[in-house]
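A short worksheet on the structure shown next.
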Number of protein chains: 2
Amino acid sequence: MSEPANPRPTLAAVAALAGVSASTASLVFSGAGPVSEATRARVREAAAALDYAGPDPTARSLRRGRTGVIGVVTEDRLGEAFRDPINLALLDGLGEELADEGYGLLVLPWSGPAGVDLSAAPMDAAVLLGCSADLARSVEALQRRRIPLVAIEAPALPGVVGIDLDNAEATRRGATLLRELGHERVALVTLPLDLDRTRGPLTPEREAAGSAFTAAERIRGARSVFPDTAGISAAGSSVAEGHAAGLALLGGDPAHRPTAIIAQSDLLAAGVILAAEELGIAVPDQLSVLGFDGIRLDGITTHRLTTLVQPAIEKGRAAGRAVREALAGGAPSSVAFVSSLRVGTTTAPAP
Amino acid sequence: MSEPANPRPTLAAVAALAGVSASTASLVFSGAGPVSEATRARVREAAAALDYAGPDPTARSLRRGRTGVIGVVTEDRLGEAFRDPINLALLDGLGEELADEGYGLLVLPWSGPAGVDLSAAPMDAAVLLGCSADLARSVEALQRRRIPLVAIEAPALPGVVGIDLDNAEATRRGATLLRELGHERVALVTLPLDLDRTRGPLTPEREAAGSAFTAAERIRGARSVFPDTAGISAAGSSVAEGHAAGLALLGGDPAHRPTAIIAQSDLLAAGVILAAEELGIAVPDQLSVLGFDGIRLDGITTHRLTTLVQPAIEKGRAAGRAVREALAGGAPSSVAFVSSLRVGTTTAPAP
DNA sequence: TTGTACGCGTTATCAA
DNA sequence: TTGATAACGCGTACAA
């Protein structure tokens, strides 16, 4: 006398128990269409009796042609991708525009051939978060599915809505400030150049082989002011990485050591400052440090970082709105955001 | 002469073009079943000609009864939930066990009635991340769907696999250390007590009304050593919140001010230390600080925090494994993890 | 090795 | 206001 398995009841079962047709029962749950109070009550009763959870999402998706899911394609391991405050802000913005509208966000860590199969994940649209590397391949796989695609800071691609940032121009403005302060020996601490994310000195070969769009753009902006600037590419956007890069750049002969460092993120910049302090190099008197992002650095440093503030949440919102517009049948256009230079206490005239 | 719309081709269309039946074409894409090289090639060709992206995920899900999606139910706004390093570590662990197996993670921010509809999201199983509040209601909605449920640090619930932590016992061990060091005036800085997340002094009313399981357990552990300990509940797990709480607790008369503070997270503890330093209170000589979590505090503080190290990634992995086991037809059992006290440089004998 | 038949659980359309 | 019918796009017995 074993308890019978209790399989998921179907709409048909509920309808049968209520003594109505499946289509009528469907109306009760979807709310679309006129149903008499009496039958509505009977159907609800039957549903309760069977412990019916409502229409099966998969069947509904198939029938309606919509899943209510938006894919968010990230390049990294999951935790890694979301350790970047900028991506978190983006997620917040996306959430405001999408999750609050009832969409779920399907996070798809995708690095090249590994990871989730982009062509098999159920979704109505996709947002590409940090996929500048190998972007083309993932876009290709997704475009075949005829779903709207939104890419954050990626090279322009036909049929893909871009949410862009003035990475080169903004960095150029920051570099110009340093130049005006008299700096000549300037070094770079960049974001990872590619999927490998290995820390190491910038070389023409490594830069050429790099696939990270944002990093490359910011390098370009810096070089437009300091043409031959060298530096180090970090293995991630973190205080620890900035610290390591800072030690490497600042450990040498004081006469030749850089008087300013352009870091490609605020976390990297904070790490550089930490390294400088450890080495007894005063910021900003002996070393100016420029960041990028404009995030809050609670507790990490007491300096007010000079940095390029980017509208990260706005970028997420714009991406979310683009998705909604596309799903509504519209043809959203790309958006370009601009960063603003916020001068803090980490930049000063060259010593 | 407008370009005709290019609708998503179906498997049937591909089959037709290739001159085979739909079922044969299906075999080509699923790989299951023997197909001659010749027909396989013809089907692939037809698919290429039509720019076919592969079987429709939704239809496939309906037919197979699996979506390949695991829901991750979070309590907060998205960015907020992932700003907690512990949740990030959990996500990493989950990713290792699930994303690497091809599952996508569907992030569902759910706070009470608002947010995504849990009964409408397509998923094969769900992991409840920080849903101790209002847990019962979300579990109810999900259990009707007959999908496996895994809850991280939640009150035991029938039919839900628990991934638990010794929050009370671990805190008790930390508190015991403080007691042995001679501390008597001890204050708490707790995680948010409920969904409201308002910062404020602990009162019996607020504690009773609180719904956050982890916070309550850790309070319980602390009180088992210091029965009447009061304190402040933070509005989140961040350095800034810890800082604010620290200022409030330490600003008073030195003769009555606490000599030790038990913070319920490392970020809160770091904030408390910052506040103490601002007030000229030396850590650990004049104030001992205890954290919880055992995360890396790169750059935030130079102290080595005395804290309770919890195996966060392991928790995520365990949750992922439980999901896989349940999906494979097994009956995974709950797992209880233990934290270990790591004594650093932020605790010392009471002054 | 290939094709036929059927159903997965819904919802849209239309007629009653 | 309700019900019958037909898809949605695919996978899987089973038969050929």
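Numbered from 1 within each chain, the chains take letters A, B, ... in sequence-line order.
Judged purely by atom type and a 3.5 angstrom limit, B:S61 uses its side chain to pair as donor or acceptor with the backbone of B:P57. Looking at B:R146, its side chain does come within 3.5 Å of a backbone N or O of B:R144 through a donor-acceptor pair. Between the side chain of A:R145 and the backbone N or O of A:L118, at least one donor-acceptor pair lies under 3.5 Å. Not one N or O on the side chain of A:R60 forms a donor-acceptor pair closer than 3.5 Å with the backbone of A:T58. Although no hydrogens or angles enter the test, the distance criterion places no donor-acceptor pair under 3.5 Å between the side chain of A:D92 and the main chain of A:I313. In this structure, the side chain of B:R324 engages the main chain of B:E97 through a donor-acceptor pair within 3.5 Å.
Salt-bridge formation is not detected for the pair A:R64/A:D124: no Lys NZ or Arg NE/NH1/NH2 atom is positioned less than 4.0 Å from an Asp or Glu carboxylate oxygen.
When the P atom of D:dC8 is taken as reference, atom CG of A:D124 falls 18 Å away, rounded to whole Å. What separates CZ of A:R145 from P of D:dG9 is a distance of 14 Å, to the nearest Å. Taking atom CZ of B:F29 as the reference point, atom P of D:dG9 lies 15 Å away to the nearest angstrom. Nucleotide D:dT12 holds its P atom 12 Å from the CG atom of B:L11, rounded to whole Å. Taking atom CG of A:L62 as the reference point, atom P of D:dA6 lies 18 Å away to the nearest angstrom. Rounding to whole angstrom units, CZ of residue A:R63 and C1' of D:dC8 are separated by 6 Å.
Side-chain contact check for A:F29 versus A:R44: some heavy-atom pair is nearer than 4.5 Å. Counting only heavy atoms from C-beta outward, the side chains of A:L94 and B:L78 never approach each other to under 4.5 Å.
With axes fitted over five pairs at each extremity, the angle between the ends of the helix from C:dT1-D:dA16 to C:dA16-D:dT1 is 30° (10° resolution).
Within the structure, a side-chain polar atom (N or O) of A:T24 is placed less than 4.0 Å from OP1 or OP2 of D:dG3. Note on B:R60: a side-chain N or O is less than 4.0 Å away from OP1 or OP2 of D:dG11.
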Under the side-chain contact (heavy atoms from CB on, under 4.5 Å) criterion, do B:L157 and B:Q143 qualify, and how do the steps go?
CA-CA 11 Å; B:L157 235 47; B:Q143 253 173 354; over 6 Å; no
> When you look at A:L90 and A:I152, which way does the side-chain contact (heavy atoms from CB on, under 4.5 Å) test go after all the steps?
Replying inline: CA-CA 9 Å; A:L90 272 163; A:I152 314 279; 4.0 Å; yes
Stepwise, does the side-chain contact (heavy atoms from CB on, under 4.5 Å) test hold for A:V107 with A:F82? CA-CA 11 Å; A:V107 183; A:F82 295 150; 4.0 Å; yes
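Nearest-nucleotide positions on DNA chain C place B:L27 closer to the 5' end than the other of A:P55 and B:L27. Nearer to the 5' terminus of DNA chain C, by closest-nucleotide assignment, is the contact made by B:G19 (compared with the other of B:G19 and A:A59).
Against DNA chain C, the stretch residues 32-47 of chain A makes no heavy-atom approach under 4.0 Å.
With a heavy-atom cut-off of 4.0 Å to chain B, the contacted part of DNA chain C has its first and last nucleotide at C:dT1 to C:dG9.
A:Y52 comes within 4.0 angstrom of the backbone, heavy atoms only, and of no base. At the heavy-atom level, B:T10 lies under 4.0 Å from the strands shown only through sugar-phosphate atoms.
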